[in-house]
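The analysis underlying the following values was restricted to heavy atoms, covering all of them including side chains, and did not include hydrogens, waters or symmetry mates.
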Amino acid sequence: MKGEARSMGQHDKSKQEGHIWGSMRRTAFILGSGLLLFVAFWNSVTWHLQRFWGASGYFWQAQWERLLSTYEGKEWILYIIGATHVPSLCFWTFNGLLLVVDTTGKPNFISRYRIQVGKNEPWWGDPCRRELPTFHWFLLELAIFTLIEEVLFYYSHRLLHHPIFYKKIHKKHHEWTAPIGVISLYAHPIEHVASNMLPAMAGPIIMGSHLSSITMWFSLALIITTISHCGYHLPFLPSPEFHDYHHLKFTQCYGVLGVLDHLHGTDTQFKQTKAYERHILLLGFTPLSESIPDSPKKME
């Protein structure tokens with residue numbers, strides 16, 4: 001019995017050793033083949049890249065020398081751009097895409113690769129959920145919507161006044177130097193999306209708002225922008241003097257509330273006019289153009 005047990009033990013040991021050696025041989029074969037393929041691929045890729053560099057290297061060298069010439073004596077600016085700005089742009093571009101997927105769940109061809117399914121689902125809830133928001137919550141949302149719109153509209157609007165964008169995009173809206181209500185949405189499609197829709201939609205998207213809040217906010221935003229363009233300073237309604245002056249002078253009063261215009265000094269001319277004095281809530285029925293008339297023009 002002892003002899004049989006010893007024989008079986010030796011058999012199992014040799015079988016185990018054979019199994020180990022077999023595994024090692026397979027591993028060596030796989031790694032060796034993979035290494036050869038990698039080397040072959042690497043040589044092919046580097047060859048093609050070198051060929052590309054040989055064809056375009058002069059172009060990139062010329063651009064680099066042009067940059068050095070432009071920033072001669074100020075190479076530290078190039079260093080800051082190359083070491084911080086470009087990597088930051090890459091970071092936020094990639095993460096911006098991921099944030100879109102995180103917040104919307106779309107596009108599906110990316111969201112389906114999520115590792116922990118059910119985690120970090122789209123942040124905003126169902127806009128048609130059963131429970132309505134409280135009135136206090138709606139007031140908070142309204143304040144946040146207004147703040148977000150002021151920031152996004154001011155900077156997008158001011159950017160559209162840059163010569164690069166004004167002539168081809170924003171000038172269409174400024175065809176009306178004395179605006180009327182219906183032209184509040186008269187704009188180039190790019191402007192309509194970037195400067196009209198986005199500032200108004202960003203708040204509800206970020207807050208995950210209920211449809212009731214979205215409906216009230218969009219309706220209010222459309223009414224306010226109509227009042228701002230209508231050309232009438234009507235009793236008991238917000239003053240349109242601020243934006244009306246923007247259509248008159250173009251380079252003043254870019255925002256909605258005027259907060260950022262005050263901070264950036266883009267309302268200094270407006271504050272020196274009679275229109276600024278009339279920029280109040282009219283609580284009576286006497287037109288402000290009568291109670292605060294324009295100064296008489298000087299005779300030449």
> Tell me, do Phe145 and Pro204 make a side-chain contact under 4.5 Å, heavy atoms counted?
Replying inline: yes
> By side chain to side chain donor-acceptor pair (under 3.5 Å), which residues pair with Thr225, not counting sequence neighbours?
Replying inline: none
Run the side-chain donor-acceptor check on residues 77-97: report pairs under 3.5 Å with partners two or more places apart or on a different chain.
| from | atom 1 | to | atom 2 | distance (Å) |
| --- | --- | --- | --- | --- |
| Thr84 | OG1 | Ile80 | O | 2.3 |
| Ser88 | OG | Thr84 | O | 2.7 |
| Thr93 | OG1 | Leu89 | O | 2.6 |
| Asn95 | ND2 | Phe91 | O | 2.9 |

Donor-acceptor list for residues 182-189 side chains, cut-off 3.5 Å, not counting sequence neighbours:
| from | atom 1 | to | atom 2 | distance (Å) |
| --- | --- | --- | --- | --- |
| Ser184 | OG | Gly181 | O | 3.0 |
| Tyr186 | OH | Glu175 | OE1 | 2.9 |
| His188 | ND1 | Ile190 | N | 3.0 |

> ring pair (Phe, Tyr, Trp, His ring centres under 6.0 Å) with Tyr245: which residues, sequence neighbours excluded?
Replying inline: Phe270
> According to the side chain to side chain donor-acceptor pair (under 3.5 Å) rule, which pairs have a member within residues 131-142, sequence neighbours left out?
Replying inline: Trp137-Glu141, Glu141-Ser209, Glu141-Ser213
>> With a 4.5 Å cut-off on side-chain heavy atoms, are Val101 and Pro107 touching?
In response: yes
>> Using modelled atom types and a 3.5 Å cut-off, is there a donor and acceptor pairing between side-chain atoms of Thr70 and backbone atoms of Arg66?
In response: yes
> Is there side-chain contact between Glu150 and Leu260, with at least one heavy-atom pair below 4.5 Å?
Replying inline: yes
> Is there a chain of hydrophobic side chains (I, L, V, M, F, W, Y, each step under 4.5 Å between heavy atoms) that links Trp217 to Ile148?
Replying inline: yes
>> Checking Thr266 now: which residues fulfil side chain to side chain donor-acceptor pair (under 3.5 Å) with it, not counting sequence neighbours?
In response: Tyr154, Asp261
Using atom types as modelled, flag every donor-acceptor pair under 3.5 Å from a side chain in residues 285-292 to any protein atom, sequence neighbours excluded.
none

> Between His247 and His229, does a ring-ring contact (aromatic ring centres under 6.0 Å, His included) hold up when you go through it step by step?
Replying inline: CA-CA 9 Å; His247 274 263; His229 289 85; 5.2 Å; yes
> Closest heavy-atom contact between Pro238 and Leu281?
Replying inline: N-CD1, 4.2 Å
> Considering residues at least two apart in sequence or located in another chain, which fulfil the ring pair (Phe, Tyr, Trp, His ring centres under 6.0 Å) criterion with Tyr155?
Replying inline: His264
>> Holding to side chain to side chain contact (heavy atoms under 4.5 Å, CB included), I want the full list of residues that pass it with Ser228, two or more places apart in sequence or in another chain.
In response: Ile224, His243
>> Would you compute the distance between atom OG of Ser239 and atom CD1 of Ile280 and round it to the nearest 0.5 angstrom?
In response: 8.0 Å
>> Side-chain heavy atoms nearer than 4.5 Å, only ILVMFWY residues, links allowed to pass through others: does that put Leu234 and Leu282 together?
In response: no
> Is any side-chain heavy atom of Thr273 less than 4.5 Å from a side-chain heavy atom of Gln252?
Replying inline: no
>> Would Val100 and Ile110 count as a side chain to side chain contact (heavy atoms under 4.5 Å, CB included) here? Give the steps.
In response: CA-CA 10 Å; Val100 169; Ile110 295 179; over 6 Å; no
>> So for atom CZ, which belongs to Phe236, do other residues, nucleotides or ligands contribute more than 12 heavy atoms lying within a distance under 6.0 Å?
In response: yes
> Is Leu198 reachable from Phe218 through a run of hydrophobic residues whose side-chain heavy atoms are each under 4.5 Å from the next?
Replying inline: no
>> To the nearest 0.5 Å, what is the distance between CD on Glu72 and CG on Leu67?
In response: 13.0 Å
> How long is the span from the CD atom in Glu149 to the CG atom in Leu257, to the nearest 0.5 Å?
Replying inline: 8.0 Å
>> Taking Ile214 as the starting point, is it possible to reach Ile144 by hopping between hydrophobic residues whose side chains are less than 4.5 Å apart?
In response: yes
>> Suppose we screen for side chain to side chain donor-acceptor pair (under 3.5 Å). Which residues come up paired with His262, at least two apart in sequence or across chains?
In response: Lys271
> Which atom names give the shortest non-hydrogen contact between Asp294 and Lys274, and what distance separates them?
Replying inline: OD1-CB, 3.6 Å
>> If you compare all heavy atoms of Asp267 against all heavy atoms of Gly258, which two are closest, and at what distance to 0.1 Å?
In response: OD2-O, 4.4 Å
> Considering all heavy atoms of both residues, which atom of Pro293 and which atom of Arg278 are nearest to each other, and what is their separation?
Replying inline: C-NH1, 3.9 Å
> OH of Tyr276: more than 12 outside heavy atoms within 6.0 angstrom?
Replying inline: no
>> Show, in sequence, the C-alpha distance, side-chain angles and deciding distance for Asp102 and Arg114, and conclude whether the side chain to side chain contact (heavy atoms under 4.5 Å, CB included) test is met.
In response: CA-CA 10 Å; Asp102 288 337; Arg114 184 182 296 281; 3.6 Å; yes
Sequence neighbours left out, cut at 3.5 Å: what donor-acceptor pairs do the side chains of residues 160-172 make with other protein atoms?
| from | atom 1 | to | atom 2 | distance (Å) |
| --- | --- | --- | --- | --- |
| His161 | ND1 | Phe250 | O | 3.4 |
| His161 | NE2 | His157 | NE2 | 3.3 |
| His161 | NE2 | His170 | NE2 | 3.1 |
| His161 | NE2 | His174 | NE2 | 3.3 |
| His161 | NE2 | His246 | NE2 | 3.1 |
| His162 | ND1 | Ile164 | N | 3.1 |
| His170 | ND1 | Glu191 | OE1 | 3.0 |
| His170 | ND1 | Glu191 | OE2 | 3.0 |
| His170 | NE2 | His157 | NE2 | 3.2 |
| His170 | NE2 | His174 | NE2 | 3.2 |

> Where do Pro199 and Ser156 come nearest, in terms of heavy atoms and distance?
Replying inline: CG-OG, 4.4 Å
> Which residues satisfy the side chain to side chain donor-acceptor pair (under 3.5 Å) test with Ser212, sequence neighbours excluded?
Replying inline: His210
> Can you hop from Leu263 to Leu152 via hydrophobic side chains spaced under 4.5 Å?
Replying inline: no
> Are any non-hydrogen side-chain atoms of Val256 and Thr146 less than 4.5 angstrom apart?
Replying inline: no
